[in-house]
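Structure, as structure tokens:
Along the sequence shown, the residues carry numbers beginning at 1. Remember, predicted model here, so these are calculated numbers, not experimental data. In each ligand, atom 1 is the first atom listed, and ligand 1 is the first ligand listed. Excluded from the calculations below are hydrogen atoms, water molecules and symmetry mates; all remaining heavy atoms, backbone and side chain alike, are included.
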Amino acid sequence: MVMDMKRTMIIGAAGFVGGYLINCLKQECGMEVFATKLQHEKIENSFAQIFDLDIMDKEAIVSLLFEVRPDYIFHLAAQSSVGLAWKNPGLTIDVNIKGSVNVMDAIRELYYKPRVLLIGSGEEYGHIKAGETPIGESNMVRPGNIYAATKACQNMIGNIYARAYDMEVMMVRAFNHIGPNQAPMFVVADFCKQVAEIELGIREPIMYVGNLEAKRDFTDVRDVVRAYVQLVEQGIAGETYNVGSGHAIAIREILDRIIAMSDCNIAVEIDANKLRPVDVPIIEADISKIKALTGWTPEISLEQTIRETLDYWRERVCGAIPE
Ligand code: A2R
């Protein structure tokens, strides 16, 4: 990574990825970090200057960008839950599409060209056909859920802004990223939380799970944010880059590994509420494009990230880590 005193802004930094990205930019890259959050959110990280920002307010984005003048912008703000997108599609479309257009349009008004990374999702590929796995960036996208459709739309709009206005905008399709501190609406955090609660004796020894046959591509969040930094520095405007491990693994195998890390005797039951209206059987990234450009490759093993996530939940459910 380049050691540089670049000014960097993370829009939507109060979520799972934001904290890790702040740490990476400050500690590993020595950059000056500015981060935004919604008014009701908290960011406890002394490495960044924090501002309140709702991306539905375009004028607020414009004023903040004029004040901070970042060299690099990471756009993380999103309604990022697939499950919630089914329940509240209108909100998801507002934040992920209109909000992203507000961000892009505010950047367009600047008198200089910052380098911008828009964070999309491997979910954008959706219904992947036999022979399309691992999936490359030029593959057709056939989103299978509302969240994925909004991110595919963000990707297209990013490409249009890059070409129409000659902006330095790159797009990422991030596959599942996991690690300590992720909200339990995501599968690995959900499983680890349940096991930790069973171990503490505050939950019956039954795991409630959704579709175990789906295969997804999991990467530790710390590897993911390293990829983002390399892409904002080296990515080519208008291009999309997959960020993932390159290997799909069945949710059942993740579950088995987490249960095997516990001494408790744990039964497994299907919870109909955790089944999605449409589920895509396999999503696996072809990561040769980012590798060829930057040399990036994931370094943290699945075993390590699962173990650290389980340990995090063990501490959290007994109150050692505040909610
Ligand atoms: O939904 P909340 O209350 O957790 O807030 C999220 C925030 N956010 C917004 N920020 C500004 N203006 C809005 N109108 C707005 N609506 C939501 O963006 C949350 O604090 C942050 C996104 O963080 P997470 O949901 O934890 O996503 P994560 O895992 O950090 O992923 C970052 C990006 C997202 O674009 C994902 O869709 C993608 O990577 O995979």
Find all atoms of ligand 1 within a distance of less than 4.0 Å from any non-hydrogen atom belonging to [X], and give their numbers and elements.
| X | answer |
| --- | --- |
| Val17 | 28 (P), 29 (O), 30 (O), 31 (O), 32 (C) |
| Ala14 | 20 (O) |
| Tyr147 | 36 (C), 37 (O), 38 (C), 40 (O) |
| His40 | 3 (O) |

Side chain, backbone, both or neither: which part of Leu53 comes within less than 4.0 Å of ligand 1 when only heavy atoms are counted?
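It is the backbone that touches ligand 1; the side chain stays farther off.
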
Counting C-beta onward and ignoring hydrogens, is there a side-chain heavy-atom pair between [X] and [Y] closer than 4.5 Å?
| X | Y | result |
| --- | --- | --- |
| Lys291 | Tyr241 | no |
| Ile251 | Phe218 | yes |
| Glu199 | Trp313 | no |

Which residue and heavy atom of the protein sit nearest [atom], plus the separation:
| atom | value |
| --- | --- |
| atom 15 (C) of ligand 1 | Leu38 CD1, 3.7 Å |
| atom 21 (C) of ligand 1 | Gly12 O, 3.8 Å |
| atom 39 (O) of ligand 1 | Ile119 CG2, 3.2 Å |
| atom 16 (N) of ligand 1 | Val95 CG1, 3.5 Å |
| atom 14 (N) of ligand 1 | Asp54 OD1, 2.9 Å |
| atom 33 (C) of ligand 1 | Leu76 O, 3.5 Å |
| atom 35 (O) of ligand 1 | Lys151 NZ, 2.8 Å |
| atom 23 (O) of ligand 1 | Gly15 CA, 3.4 Å |

Taking N or O atoms only and a 3.5 Å limit, does [X] qualify as a polar contact for ligand 1?
| X | result |
| --- | --- |
| Ala174 | no |
| Gln79 | no |
| Phe16 | yes |
| Ser80 | yes |

In terms of side-chain heavy atoms, does Ser100 have a donor or acceptor partner in Gln154 at a distance below 3.5 Å?
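Result is yes, a qualifying pair exists.
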
Hydrogens and angles aside, do Asp105 and Tyr161 bring a side-chain donor and acceptor to less than 3.5 Å of each other?
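There is such a pair between these side chains.
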
His177 and Phe16 aromatic ring geometry - parallel, tilted or perpendicular at 30°/60° bounds
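The rings of Phe16 and His177 lie parallel, inter-plane angle below 30°.
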
From Ala78, Gly99, Ala85, Ala77 - option closest to atom 17 (C) of ligand 1 by heavy atom:
Ala78

Pick whichever of Gln182, Glu41, Gln154, Lys37 has a heavy atom sitting closest to atom 2 (P) of ligand 1.
Glu41

Exam field: side chain [X] to backbone [Y], donor-acceptor pair closer than 3.5 Å:
| X | Y | result |
| --- | --- | --- |
| Thr219 | Ser245 | yes |
| Glu123 | Ala148 | no |
| Asp217 | Gly246 | yes |

Report yes or no: does a heavy atom of His177 sit under 4.0 Å from some atom of ligand 1?
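It does, in that a heavy atom of His177 comes within the 4.0 Å cut-off of ligand 1.
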
Any atom of ligand 1 sitting under 4.0 Å from a heavy atom of Phe186?
no

Salt bridge present between [X] and [Y] (N-O < 4.0 angstrom):
| X | Y | value |
| --- | --- | --- |
| Arg257 | Glu303 | yes |
| Arg222 | Glu308 | yes |
| Asp223 | Arg226 | yes |

Under 4.5 Å between side-chain heavy atoms, hopping through other hydrophobics if needed: is there a path connecting Ile206 to Leu255?
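No: no chain of side-chain contacts under 4.5 Å links Ile206 to Leu255.
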
